[in-house]
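Here is the structure we will look at, set down as structure tokens.
Atoms considered below: every heavy atom in the structure, side chains included; atoms not considered: hydrogens, waters and symmetry mates. We name chains A, B, ... by the order of the sequence lines, and we start the count at 1 in each one.
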2 protein chains.
Amino acid sequence: MSRSPDTCRQAEAIAAVTVASPELANLDQEMLSQTEMVVICTPIAAILPTIAMVAPLLPKGCIITDVGSVKEAIVAEAIALCTPLGLRFVGSHPMAGTAFQGIMAAEVNLFRDRPCVVTPSLDREAVDMVRSLWQSVGMRVYECTPAEHDRAVALISHLPVMISASLIWTCQTEARDVLTLAQNLASSGFRDTSRVGGGNPELGRLMAEYNQAALLRSLQAYQQSLQQMIALVADGQWEALEDLLTTTQCDRELYL
Amino acid sequence: MSRSPDTCRQAEAIAAVTVASPELANLDQEMLSQTEMVVICTPIAAILPTIAMVAPLLPKGCIITDVGSVKEAIVAEAIALCTPLGLRFVGSHPMAGTAFQGIMAAEVNLFRDRPCVVTPSLDREAVDMVRSLWQSVGMRVYECTPAEHDRAVALISHLPVMISASLIWTCQTEARDVLTLAQNLASSGFRDTSRVGGGNPELGRLMAEYNQAALLRSLQAYQQSLQQMIALVADGQWEALEDLLTTTQCDRELYL
């Protein structure tokens, strides 16, 4: 299923799926009633409404997972929707993608060696089935609670967007002459540091909206680090600054 | 001239220069006395001492320029060293380079289409000679005061290093479990945003040390932008946040 009739047609044409439709009613109800696993791949805001819509058509024991980039806002409520119907929900966040959208942006090996988070459940069999799904396309699977996931992605994904956007914003407040010069002189350092701050604004907003608490926590921790960094520069503590930059140079390796 | 005898030997061997030596005294004094232009390419801290050392051996009218990444800390003092000896100083900052060092990292077209700042002087002929030098290797030359240069590079080069290092530092303050998870999940967004914060610590320290005032000014402006960004997230002003991210997305194009 896709919202777009074109996507459904193309998916069938390239044999990416056996059958596709933008309307649940058009799908073979007998086929739906034999479904073993459903993967919800919609924007965050549509995940819970989509589960609510498909759940009544699925057989007891069917496993539902998602691909949402936040987990606290999804998992508990998704379980609350599924459990009364005898369905089993396990949250997923496969972290892979390109700057492109749509079915024609499909890529062989998109998921290979990329990380994927799966949230735990007392239903081990369901968790293992979802783990196997992601492992079968080559992903490294990490199991952690929704709260741990949201804190980790706030740090390494959502915080960078905000500090990167703040950099662009700050530059634009400079006096006109210096700003024009800065634009002419900017090179790879600025380009890389500003990249995610110049990304999709809707995505940035959704990250913040659905991961508000963890993002705020990261932003406040960041503000404290920055404050200490500013103090080193203001006080001319050059040895301490170099020590700090030596530490960050080493520490960065741990993320690569 | 290079501090390193190996570099001098290699420069002669690949015919990059006619003659090279680590010792001024070893160079042909008559040749020195006929020099028309000297380009000082040392670390920032060595620029003024190097000018003081070579200036007495150079003929009246000889032009000296540098390649230092800050200009206020260099230009006025360099002029004060040169003028009494009848030498003409013009500051330069050719902005090109790779992550590699030494003569074997030399690259054809390293300077092509890259920006270069030249500082103004009442001695137009000297400025034009220095402009011609950089233009002859394909650089885009911008003329601006040392103060304007230092403010522009603080914004697009030195500020990114500090905010990028602060990102790495902030992550390292997380609880151990979440930190390990964050390290496993980090991908291109984190990699790009943290790149310059994981760069050469000595260079980062020197940027801050020699461009302290302009960097502090940028850091404080950044802190204000960040504070406003945090307020939007804390207050759940999602429309305003999306508007801001739309602006930064457009504005970034002006630097590329």
Side-chain angles (χ1 to χ4, degrees), chain A residues 95 115 142 144 148 151-152 155-157 160 162-174 178 181-187 189-190 192-198 201-202 204-205 208-209 212 215-216 219 221-222 225-226 229-230 233-234 238 241-242 245-246 248-249 251-252 254-255, chain B residues 95 115 142 144 148 151-152 155-157 160 162-174 177-178 181-187 189-190 192-198 201-202 204-205 208-209 215-216 219 221-222 225-226 229-230 233-234 238 241-242 245-246 248-249 251-252 254-255:
Chain A
M95 298 177 74
Y142 300 96
C144 68
E148 287 167 338
R151 275 171 60 176
L155 275 177
I156 53 94
S157 174
M162 301 302 153
I163 69 176
S164 177
S166 296
L167 171 62
I168 302 169
W169 190 15
T170 303
C171 291
Q172 294 295 117
T173 63
E174 249 296 350
V178 174
L181 181 66
Q183 288 168 348
N184 284 321
L185 301 184
S187 77
F190 185 84
D192 285 0
T193 317
S194 68
R195 185 176 68 82
V196 297
E202 195 194 340
R205 172 232 177 109
E209 193 170 345
Q212 185 183 23
L215 176 59
L216 260 183
L219 280 165
Y222 182 78
S225 304
L226 186 73
M229 174 84 80
I230 293 174
V233 176
W238 310 127
L241 180 65
E242 190 171 337
L245 295 174
T246 304
T248 58
Q249 184 183 39
D251 287 342
R252 180 167 181 265
L254 304 169
Y255 297 80
Chain B
M95 298 176 74
Y142 301 94
C144 68
E148 287 167 338
R151 274 171 59 177
L155 275 178
I156 52 95
S157 174
M162 301 302 152
I163 68 175
S164 176
S166 295
L167 170 63
I168 302 168
W169 192 14
T170 303
C171 290
Q172 294 295 116
T173 62
E174 249 295 350
D177 284 1
V178 174
L181 181 66
Q183 289 168 347
N184 284 321
L185 300 185
S187 78
F190 185 83
D192 285 358
T193 316
S194 68
R195 185 176 67 82
V196 297
E202 195 193 341
R205 171 232 177 109
E209 193 169 345
L215 175 59
L216 260 183
L219 279 165
Y222 182 77
S225 304
L226 186 73
M229 175 84 79
I230 293 174
V233 176
W238 310 127
L241 179 65
E242 190 171 337
L245 294 175
T246 303
T248 59
Q249 184 184 40
D251 288 342
R252 181 168 180 265
L254 304 169
Y255 298 79

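- In this structure, the side chains of B:N184 and A:P115 stay at 4.5 Å or more apart for every pair of heavy atoms.
- There is no contact between B:S157 and chain A, counting heavy-atom distances below 4.5 Å.
- Between the CH2 atom of B:W169 and the CG atom of A:L245 there is a distance of 10.0 Å, given to the nearest 0.5 Å.
- Within the 4.5 angstrom heavy-atom criterion, only side-chain atoms of B:C144, from C-beta onward, approach chain A.
- Looking at B:M95, only its side chain comes within 4.5 Å of chain A, counting heavy atoms on both sides.
- Here the CG-CD distance, from B:D177 to A:E148, works out to 6.0 Å after rounding to the nearest 0.5 Å.
- Contact count versus chain A (heavy atoms, under 4.5 Å) is highest, among B:E209, B:R151, B:E174, for B:E209.
- Within the 4.5 Å cutoff, the side chain of A:L254 has heavy atoms near those of the B:Q172 side chain.
- Both the backbone and the side chain of A:V178 come within contact range of chain B, with heavy atoms under 4.5 Å apart.
- Residue contact with chain A, scored on non-hydrogen atoms closer than 4.5 Å, involves the backbone and the side chain of B:E242 alike.
- Atom CG in B:L155 sits 8.0 Å away from atom OG1 in A:T170 (nearest 0.5 Å).
- With a 4.5 angstrom heavy-atom cutoff, B:V233 touches chain A via backbone and side-chain atoms both.
- Across all non-hydrogen atoms, the minimal contact from B:A165 to A:M229 is CB-CE, 3.8 Å.
- No side-chain heavy atom of B:T246 sits under 4.5 Å from any side-chain heavy atom of A:R205.
- A:I168 contributes atom CD1, which lies 11.0 Å from atom OG of B:S225 (distance to the nearest 0.5 angstrom).
- The contact between B:L215 and chain A is made entirely by side chain atoms (from C-beta outward), counting heavy-atom distances below 4.5 Å.
- For chain A, the option among B:G204, B:A234, B:S164 with the highest count of heavy-atom pairs below 4.5 Å is B:A234.
- Rounding to the nearest 0.5 angstrom, the gap separating the CD atom in A:Q249 from the CD atom in B:E202 is 11.0 Å.
- When all heavy atoms of A:Y222 and B:L226 are compared, the pair lying nearest together is CD2-CD2, 3.7 Å.
- With sequence neighbours excluded, no residue forms a ring-ring contact (aromatic ring centres under 6.0 Å, His included) with A:Y142.
- Panel note: side chain B:R252, backbone A:S194; a donor-acceptor pair is recorded below 3.5 Å.
- Side-chain atoms of B:T248 come within 3.5 Å of backbone atoms of A:G197 as a donor-acceptor pair (strictly under, hydrogens ignored).
- With values rounded to the nearest 0.5 angstrom, B:L167 atom CG is found 4.0 Å from A:I163 atom CD1.
- Ranked by heavy-atom pairs shorter than 4.5 Å toward chain A, the options B:T193, B:L241, B:T173 are led by B:T193.
- For the pair B:A182 and A:Y255, the tightest heavy-atom approach, listed with the atom from each and the gap, is O-CD2, 4.3 Å.
- Each of A:G198, A:A221, A:S166 has some count of heavy-atom pairs under 4.5 Å with chain B, and the biggest count is that of A:S166.
- Residues forming a side-chain hydrogen bond (donor to acceptor under 3.5 Å, both in side chains) with A:D251 (at least two apart in sequence, or on another chain): none.
- The minimum heavy-atom distance linking B:A152 with A:L181 is given by the pair CB-CD2, 3.7 Å.
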